[in-house]
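Numbers here are sequence positions counted from 1. As the structure lists them, so they are numbered: ligands from 1, and atoms in each ligand from 1.
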Amino acid sequence: MSTWPIGVFASIDAGLGVHLEVAQELGVPTIQVHAPHAGTRNPKAAADFLSRCSKAGITITAVFGGFEGESYADIATTAKTVGLVPEETRAARVKEMKEISDFTKLLNCDTVALHIGFVPHDTNSASYKDLIATTRDLLDHVAANGQKLHLETGQESAEHLLHFIADVQRPNLYINFDPANMILYGTGEPIDALKKVGKYVRSIHCKDAKWAAPDVRGTAWGQEVPLGDGDVGMETYLRTLKDIGYTGPLTIEREIPQDRERQKADIGHAVNLLTTLRKRILGT
Ligand code: MG
C-alpha cells in the first residue's frame with residue numbers, strides 16, 4: 001500500500017459510518033468499518049462484504065467494536081456507558097469483542113479497535129486492576145487471531161493512555177489517534193498528544209473539532225466540524241504524522257449519520273483537502 005492512502009470510516013450495517021457505496025463513489029481506496037450487529041457477524045456476511053470491497057478495489061484496514069447500551073449523549077453519559085470500563089457490562093462486552101475479533105479475521109483484517117472507555121484514574125483501584133486483566137485476556141485472544149488492538153484516543157490524556165499501555169504489557173496493543181476527540185473531550189492539545197504517543201500510533205482518524213468554552217472544557221462536548229474548519233490544524237497534524245514516521249491510511253471520520261447528504265459532501269471536501277496536503281508534504 002502506498003503511503004497515506006485516503007480512507008473513510010464505513011459501516012457494514014447500521015452505524016455512524018458511511019455505506020460502502022459512498023466510499024466507492026468518492027474513489028476512496030481504504031475503509032475502517034464499524035463491526036455489524038451480532039446477527040450479521042457470520043461467515044456469509046463476511047464473505048459478501050469482502051467480495052463487495054474487492055469489486056470496489058477497497059481494502060479494510062481496521063474493524064471497530066461497539067456495544068449495545070453505549071451513549072455519547074454527553075461526556076458524563078459516555079463515561080458511564082462506553083467501552084470495557086463500565087463494570088456491569090465488562091464481561092459480556094469482552095466476550096463480544098472477542099467475537100468481533102473472530103469476525104475481523106473472516107474479513108482478512110489484522111486490526112481491531114475500540115473505545116475502551118474512561119480508564120480509571122486510581123491505578124491502585126480494583127476496577128483498574130481488573131481492567132488490566134480483562135484487556136490482557138482480550139489481547140491474547142486478538143493475538144491468537146494474528147491481530148493487533150488499537151485504542152481510540154480522546155477519553156484519556158496522552159500521559160494516562162501511555163501509563164495504561166505500559167501497565168497492560170502486551171506487544172499487540174496500539175493506538176488509533178483521533179485529534180478531534182482530544183478537543184471534543186478536552187483531554188489535551190492534539191499535536192502535543194500525538195508527539196507523546198507517536199510510537200504506538202498504527203492508525204488514525206482525520207476529523208476536526210472546535211474546543212468547548214474554557215469553563216466547561218472536559219465536562220461539555222466541543223463541536224465536531226468539517227475537516228479543515230476546526231482547531232486541529234490539518235497541515236500541522238499531517239506534518240506531525242510524517243515526523244513520527246506514520247505511513248498508514250488517512251481515515252476520514254464525519255459523525256453526522258443523521259444527515260447523509262451533508263456527510264457525503266463533507267467527506268468529499270475532506271478527500272480533496274487531504275489529497276492537496278499530502279501532495280504538498282510528501283510530493284505525491
Ligand atoms: Mg475517531
Side-chain angles (χ1 to χ4, degrees), residues 4 6-12 15-18 22-23 28 30-35 60-67 70-75 78-79 81-85 97 100 104 109 111-119 148-158 161 173-191 193-194 197-198 200-212 221-234 237-238 240-241 246 248-258 263 266-267 270-271 273-274:
W4 290 0
I6 308 289
V8 66
F9 196 88
S11 299
I12 295 182
L16 285 173
V18 299
V22 174
V28 169
T30 75
I31 52 171
Q32 293 184 345
V33 293
H34 196 268
I60 304 167
T61 60
V63 177
F64 269 73
F67 310 103
E70 291 186 325
S71 167
Y72 292 86
D74 52 50
I75 291 181
T78 304
T81 64
V82 167
L84 302 182
V85 172
M97 200 60 208
I100 290 170
T104 301
C109 179
T111 303
V112 286
L114 87 162
H115 275 285
I116 199 161
F118 285 68
V119 172
K148 305 164 283 167
L149 178 72
H150 295 188
L151 300 181
E152 172 85 344
T153 56
Q155 293 156 348
E156 290 76 36
S157 67
L161 194 55
L173 182 57
Y174 293 103
I175 288 172
N176 183 87
F177 191 83
D178 185 328
N181 280 356
M182 305 303 295
I183 292 173
L184 291 168
Y185 287 87
T187 38
E189 205 286 312
I191 304 299
L194 177 58
V197 303
Y200 290 108
V201 173
R202 291 291 187 278
S203 59
I204 62 135
H205 286 159
C206 290
K207 190 169 88 185
D208 213 342
K210 289 182 181 294
W211 295 99
W221 287 128
Q223 187 199 356
E224 196 207 326
V225 296
L227 205 71
D229 292 355
D231 294 325
V232 169
M234 273 305 135
Y237 178 48
L238 294 195
T240 308
L241 286 170
Y246 179 79
L250 307 178
T251 304
I252 300 159
E253 195 178 27
R254 184 71 174 114
E255 298 182 297
I256 47 167
Q258 71 282 4
Q263 185 182 43
D266 286 354
I267 291 170
V271 170
L273 176 64
L274 292 174

Is the side chain of S11 donor-acceptor paired with the backbone N or O of V18 at a distance under 3.5 Å, no angle test? no
Starting from the Mg ion (ligand 1), look over the N/O/S atoms of D178 and name the nearest one. OD2
Which is the closest N/O/S atom of H205 when seen from the Mg ion (ligand 1)? ND1
Closest contact, heavy atoms only, T30 versus I6: OG1-O, 3.0 Å
Given the rule in the ring-ring contact (aromatic ring centres under 6.0 Å, His included) test, do F9 and F64 qualify, once you have shown the distances and angles that lead to the verdict? CA-CA 9 Å; F9 196 88; F64 269 73; 5.3 Å; yes
Paired with N176, the side chain to side chain donor-acceptor pair (under 3.5 Å) test is passed by just one of Q32, H115, H150, namely Q32
Quick one: the OE2 of E152, the Mg ion (ligand 1), OE1 of E253 angle, rounded to 10°, please. 170°
